[in-house]
**Q** 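Here you go, one structure.
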There are 4 protein chains.
Amino acid sequence: MVRIGIYGATGYTGYELLKIFARHPEAEVVFAASESSAGKRYSEVYPCPYEQVLIAPDEAPLNRIDVAFLCTPHHASAPLAKKVLDAGAKCLDLSADFRLHDAGVYQAWYGTHAVPELLGEAVYGLTEVYRAAVARARLVANPGCYPTGPLLALCPLLRRGVVTGQKIIVDAKSGVSGAGAQPTPTTHFVNVHDSFSAYNIGHTHRHVSEIEQELALYAGRPMRLVFSPHLLPLSRGILSTIYVNVGLDWDPRSIVALWHEAYRDEPFIQVLDAGKLASLAHVVNTNRCALSVASAGVEGEVIIVAAIDNLLKGASGQAVQNMNVLFGLDETLGLVA
Amino acid sequence: MVRIGIYGATGYTGYELLKIFARHPEAEVVFAASESSAGKRYSEVYPCPYEQVLIAPDEAPLNRIDVAFLCTPHHASAPLAKKVLDAGAKCLDLSADFRLHDAGVYQAWYGTHAVPELLGEAVYGLTEVYRAAVARARLVANPGCYPTGPLLALCPLLRRGVVTGQKIIVDAKSGVSGAGAQPTPTTHFVNVHDSFSAYNIGHTHRHVSEIEQELALYAGRPMRLVFSPHLLPLSRGILSTIYVNVGLDWDPRSIVALWHEAYRDEPFIQVLDAGKLASLAHVVNTNRCALSVASAGVEGEVIIVAAIDNLLKGASGQAVQNMNVLFGLDETLGLVA
Amino acid sequence: MVRIGIYGATGYTGYELLKIFARHPEAEVVFAASESSAGKRYSEVYPCPYEQVLIAPDEAPLNRIDVAFLCTPHHASAPLAKKVLDAGAKCLDLSADFRLHDAGVYQAWYGTHAVPELLGEAVYGLTEVYRAAVARARLVANPGCYPTGPLLALCPLLRRGVVTGQKIIVDAKSGVSGAGAQPTPTTHFVNVHDSFSAYNIGHTHRHVSEIEQELALYAGRPMRLVFSPHLLPLSRGILSTIYVNVGLDWDPRSIVALWHEAYRDEPFIQVLDAGKLASLAHVVNTNRCALSVASAGVEGEVIIVAAIDNLLKGASGQAVQNMNVLFGLDETLGLVA
Amino acid sequence: MVRIGIYGATGYTGYELLKIFARHPEAEVVFAASESSAGKRYSEVYPCPYEQVLIAPDEAPLNRIDVAFLCTPHHASAPLAKKVLDAGAKCLDLSADFRLHDAGVYQAWYGTHAVPELLGEAVYGLTEVYRAAVARARLVANPGCYPTGPLLALCPLLRRGVVTGQKIIVDAKSGVSGAGAQPTPTTHFVNVHDSFSAYNIGHTHRHVSEIEQELALYAGRPMRLVFSPHLLPLSRGILSTIYVNVGLDWDPRSIVALWHEAYRDEPFIQVLDAGKLASLAHVVNTNRCALSVASAGVEGEVIIVAAIDNLLKGASGQAVQNMNVLFGLDETLGLVA
């Protein structure tokens with residue numbers, strides 16, 4: 001039994017963790033902490049039958065857990081992670097605090113880092129890419145929701161030298177849960193329903209830094225991202241349409257073959273046959289990432305379509321996948337493959 | 001040209017008024033006032049091309065308008081109405097402040113009334129029922145969104161003595177715009193989308209007071225309402241399913257005939273043939289009320305289904321309809337019949 | 001390992017079964033049959049990674065299964081059920097063919113029954129009510145989607161004599177998956193989205209027969225149902241608002257206590273505290289039924305709100321729950337409690 | 001009074017025309033024709049109060065109209081257009097039959113053209129670009145829904161030489177009404193709702209031919225389109241995210257200025273300030289096209305976001321706009337600016 005603590009338990013990623021652990025046979029939630037809802041039963045916060053009482057973060061019994069999930073915002077996670085590690089538990093952080101390896105890059109996109117000395121140790125938890133390192137880690141930085149699909153799609157191509165040029169365009173569309181549980185004009189039903197909008201397009205969304213870091217690592221050279229996030233009138237899922245230049249000897253069929261080779265035994269990667277395109281229906285409510293590719297109709301250019309559930313493979317599902325790796329469990333426990 | 005002032009212009013009903021007046025050939029918006037957004041152009045508040053600059057309510061040039069629309073909350077409307085009337089303009093209030101004739105009833109449901117002396121003068125602006133009084137009014141209390149459909153459905157039946165017993169059940173379903181533009185957990189997209197819920201059911205929603213007042217006036221005897229509001233995962237529209245006991249000589253066909261007779265020349269009442277049922281698709285984005293009725297399969301009981309757009313016939317549309325009546329204009333100006 | 005066969009596997013209930021069995025540790029799908037899609041892989045029919053090849057119903061290896069799930073329409077299920085039983089397997093029918101005990105009642109609502117001799121043997125599979133009989137059955141008639149919520153809500157009340165009078169009103173709202181996978185004008189996205197409509201209201205929907213049969217059995221006297229189904233603009237879930245007359249010594253608090261007593265150890269029944277109301281968010285994507293009750297504000301009348309996921313507790317989930325009972329397994333295997 | 005005939009009146013574009021003409025002060029619908037619904041009242045086909053009886057296309061009194069709107073599919077429109085013109089009426093075709101100037105290109109994308117001799121005469125009805133020609137036309141080819149937004153966005157840039165290189169990427173997202181009123185698996189509510197998908201991406205969607213024709217005309221040189229249509233879970237609207245290379249002396253601010261100059265007095269073009277992005281909420285239920293632009297964060301590249309209502313500015317609204325031009329009326333009559 002892995003003993004679990006959850007910080008920031010009343011956000012959407014915390015709720016997903018509780019749902020996953022309710023059916024995970026090898027995990028036990030020792031505490032769920034929340035600044036704002038301490039003292040409430042979980043069923044008072046979300047329409048569910050979980051009667052666990054939320055505790056204040058300060059009262060978390062760190063000595064009784066094996067691993068903490070940090071569903072806290074960036075800047076809040078960093079000092080918490082230190083506290084958890086100091087208490088001898090492992091730490092899975094779902095915020096951006098440990099995704100960037102370079103404190104200067106973090107500074108540029110997020111501001112000053114509270115515990116930069118931990119950056120070097122943190123493992124970027126894109127499980128299929130960094131499984132071996134995750135297995136040995138104390139501190140795992142769970143990837144952002146937008147990066148996960150494009151990185152899984154592009155990693156085999158970049159490592160194999162398929163991609164030409166520096167620029168990749170990702171036109172991404174996300175459900176509203178990605179904006180968090182806080183009520184704001186942006187998440188007001190009437191503003192979202194029946195609309196569709198772009199925001200922070202170009203080179204301005206913070207996930208750009210994380211995606212560019214990883215693309216460069218896979219490619220072995222700097223890469224430049226043009227990134228256009230959009231808000232979909234639905235709750236869950238991210239679909240990314242990716243415009244990428246490839247060598248003239250590559251086409252959708254050979255890229256599909258490359259993915260099959262790279263992800264042969266992966267339970268959560270669904271590679272679609274050439275000619276079929278991934279949709280949110282392929283992945284919502286699962287921990288899968290669906291990958292597909294088509295010709296752009298222009299020589300040396302293809303269009304990749306990648307889909308995930310932002311709260312599962314894009315957050316809590318991948319975090320549990322990482323936990324399963326960390327503790328030597330069957331990687332699919334608690335998750336829908 | 002009717003000269004218009006709008007208070008509380010940045011709520012949903014204010015936005016609907018601006019859209020209506022943009023195509024109303026006999027109205028001119030002199031000012032749109034907003035406490036929170038004074039100084040902004042309207043296009044900064046809503047995704048529209050209206051470049052009108054919002055003013056602070058205190059700076060409203062009351063001497064330059066013929067009529068003020070109060071899109072302000074209850075308790076805020078009452079003193080504003082007095083100010084408007086004192087300045088010599090007419091007043092159309094979209095809040096609950098002047099819908100109840102009895103200050104004691106108002107007290108019980110809303111608290112102390114600020115200007116009870118105006119209650120006697122206010123006309124309840126259910127246009128099809130009170131058109132003559134509206135035409136002569138200084139102060140019109142625009143009906144609530146929930147009451148409009150059931151009252152239009154039931155008025156002819158109650159006046160004709162069709163309804164037996166005291167109790168009427170209204171099972172009502174409303175779109176989210178009825179909850180207002182304020183971001184709250186209740187209006188957060190993720191909480192509403194793909195869900196459906198009841199709230200304030202029984203005899204607790206404030207519109208109960210208004211509906212019971214009117215039912216009693218039409219029936220000439222006290223009536224008792226069981227009222228169950230529900231929240232639909234869509235932006236606009238209210239559909240009311242109404243369970244009513246009727247005399248044994250009445251059936252859906254004769255009730256349809258009665259409505260046709262009562263509403264013969266009404267441009268905004270759509271009576272469906274017996275056997276057809278009203279849906280939100282009949283009325284959304286129009287000022288219509290669609291009426292339909294079916295047998296309950298129990299002797300002496302029918303089921304009425306009534307539909308409106310809550311922001312138009314249930315609020316701003318009916319308010320403009322009343323304004324058209326007030327100023328002797330074609331009643332359909334600016335509105336979709 | 002329970003060996004499973006599925007007929008009608010490409011409808012929504014068949015798809016749900018495949019998703020459930022993908023995570024059920026004690027079940028193995030031996031065949032999935034489909035008249036229209038035989039020869040296709042399942043992943044060609046739905047956006048999922050199931051590569052099982054669909055077979056023609058005639059080629060089903062009945063000797064290799066322990067139980068067949070019939071996701072076929074009424075009239076198609078009856079002869080299939082006979083064939084399955086004759087082959088020595090058990091049978092879980094999700095159609096209406098075996099829900100009514102009386103061939104005459106079946107005749108009145110559905111037409112002539114093909115194998116009326118099996119009607120006496122079939123067990124109505126409302127698990128919480130008929131668990132012991134289900135455990136011994138060869139043939140289980142899985143309840144309809146609309147009946148499940150109201151029957152679970154009302155059974156304890158009727159058995160205890162709480163309900164007065166004969167008439168019960170059920171105002172029910174269902175997601176679109178209840179209308180099946182066939183493309184029709186009724187299920188066209190543009191006709192459903194942003195609309196809300198009533199259909200077959202009064203005493204005309206076929207589920208009336210099934211609900212009245214059960215209500216009478218629980219009450220020990222005939223009951224009369226007024227039933228108003230509505231179509232919600234969402235995919236899954238049924239919320240039923242139930243108007244019921246009760247003895248003057250009963251109120252929401254004591255009814256909640258009665259439910260707690262009746263459903264004490266039930267993993268799939270969630271009784272909400274008095275003052276809280278069930279919503280679809282409580283149950284969608286789970287096998288739960290959420291029960292709640294409030295005062296109608298009229299003496300001797302309460303309003304019950306019951307919610308289920310129509311494809312799970314209202315169909316495939318309850319069918320698997322029954323299968324678990326039939327084979328002596330933990331009742332929650334494969335299901336979300 | 002312009003006397004109108006409508007063919008194919010029961011599709012979505014026909015329904016929009018009827019709604020527009022219900023409030024158009026200078027138009028009278030003489031006939032609405034439908035192959036499949038001849039003899040029915042319009043209110044039996046759509047939930048509206050229009051009691052006009054649909055006639056068979058063969059019985060259309062062409063001698064009594066000034067202009068026919070063809071809401072018929074490609075291949076069906078071409079011979080109808082000839083018939084209408086021969087009868088002396090003008091013709092507004094909403095199909096693709098007269099959008100391509102070159103019969104060979106038509107052949108390649110749609111097959112053999114039935115009346116190629118009319119291709120030379122037809123005017124491409126992008127009103128803001130071809131207003132003068134529309135005013136003199138007998139036969140107007142109303143633009144496709146996908147082309148309208150990108151062409152309005154790009155025309156001023158291409159004419160001014162802003163765009164460098166040949167390739168333009170349009171990542172477009174459309175509501176479901178674009179797929180037509182026919183019930184199919186693609187338009188089944190459950191398949192669309194809560195999903196999002198790409199289809200016909202690259203260089204395969206038929207609108208590619210039309211867009212490339214126009215881009216080349218504006219640029220004075222061949223252009224190459226990469227086009228990715230997606231299906232949004234909503235009924236109306238198209239938002240296009242356009243990746244375009246521009247000269248180094250151009251930036252979002254100067255492009256906004258260029259649009260303002262090009263579209264100075266256009267009632268239906270809404271140019272957003274630099275820094276703001278168009279959304280569907282800007283345009284749905286109006287005849288507007290909203291234009292916006294942002295930096296791509298890569299030198300010499302910008303991202304344009306253009307939005308329209310596919311049934312209005314992308315179909316019936318623009319058709320009526322063209323009709324207003326054709327008959328010398330105020331261009332905004334019947335339309336929401």
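In what follows, chains carry the letters A, B, and so on, assigned in the order in which the sequence lines appear, proteins first and then strands, with residues in each chain numbered from 1. The structure presented is a predicted model; accordingly, all values stated were derived computationally and were not measured.
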**Q** Does a donor on one side chain sit under 3.5 Å from an acceptor on the other, for N322(C) and N142(C)?
**A**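 N322(C) vs N142(C): donor-acceptor pair found between side chains.
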**Q** Kindly determine whether I238(D) and S240(D) satisfy side-chain contact (heavy atoms from CB on, under 4.5 Å), including the steps that lead there.
**A** CA-CA 6 Å; I238(D) 294 178; S240(D) 300; 3.9 Å; yes
**Q** When you compare the side chains of T13(C) and S316(C), does any donor N or O come within less than 3.5 Å of an acceptor on the partner?
**A** no
**Q** Which is it for I6(C) and C71(C) under the side-chain contact (heavy atoms from CB on, under 4.5 Å) test, yes or no, and what are the steps along the way?
**A** CA-CA 7 Å; I6(C) 303 173; C71(C) 299; 4.2 Å; yes
**Q** Under a plain distance cut-off of 3.5 Å, with no hydrogens placed, do N287(D) and D309(D) share a side-chain donor-acceptor pair?
**A**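 No.
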**Q** Write down the atom of H24(D), the atom of L333(D), and the distance for their closest heavy-atom approach.
**A** CD2-O, 3.3 Å
**Q** What residues of residues 202-210 of chain D sit under 4.5 Å from chain C when only non-hydrogen atoms are counted?
**A**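 Contacts with chain C: none.
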**Q** Do side-chain atoms of Q318(C) reach the backbone of A315(C) as a donor and acceptor pair under 3.5 angstrom?
**A** no
**Q** With a 4.5 angstrom heavy-atom cut-off, which part of Y46(D) approaches chain C: side chain, backbone, both or neither?
**A** neither
**Q** Is the backbone of V305(C) close enough, under 3.5 Å, to the side chain of S292(C) for a donor and an acceptor to pair up by distance?
**A** yes
**Q** Can you list the steps and then say if F227(C) with I201(C) is a side-chain contact (heavy atoms from CB on, under 4.5 Å)?
**A** CA-CA 6 Å; F227(C) 182 58; I201(C) 63 179; over 6 Å; no
**Q** Report yes or no: is the cationic atom of K19(C) (NZ for Lys, CZ for Arg) under 6.0 Å from the centre of the six-membered ring of F21(C), at an angle within 45° of the ring normal?
**A** no
**Q** Give me the contact list for residues 170-198 of chain C versus chain D, heavy atoms only, anything under 4.5 Å, ordered by residue number.
**A**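 Under the 4.5 Å heavy-atom cut-off, V176(C), S177(C), G180(C), A181(C), Q182(C), P183(C), T184(C), P185(C), T187(C), H188(C), F189(C), V190(C), N191(C), V192(C), H193(C) qualify.
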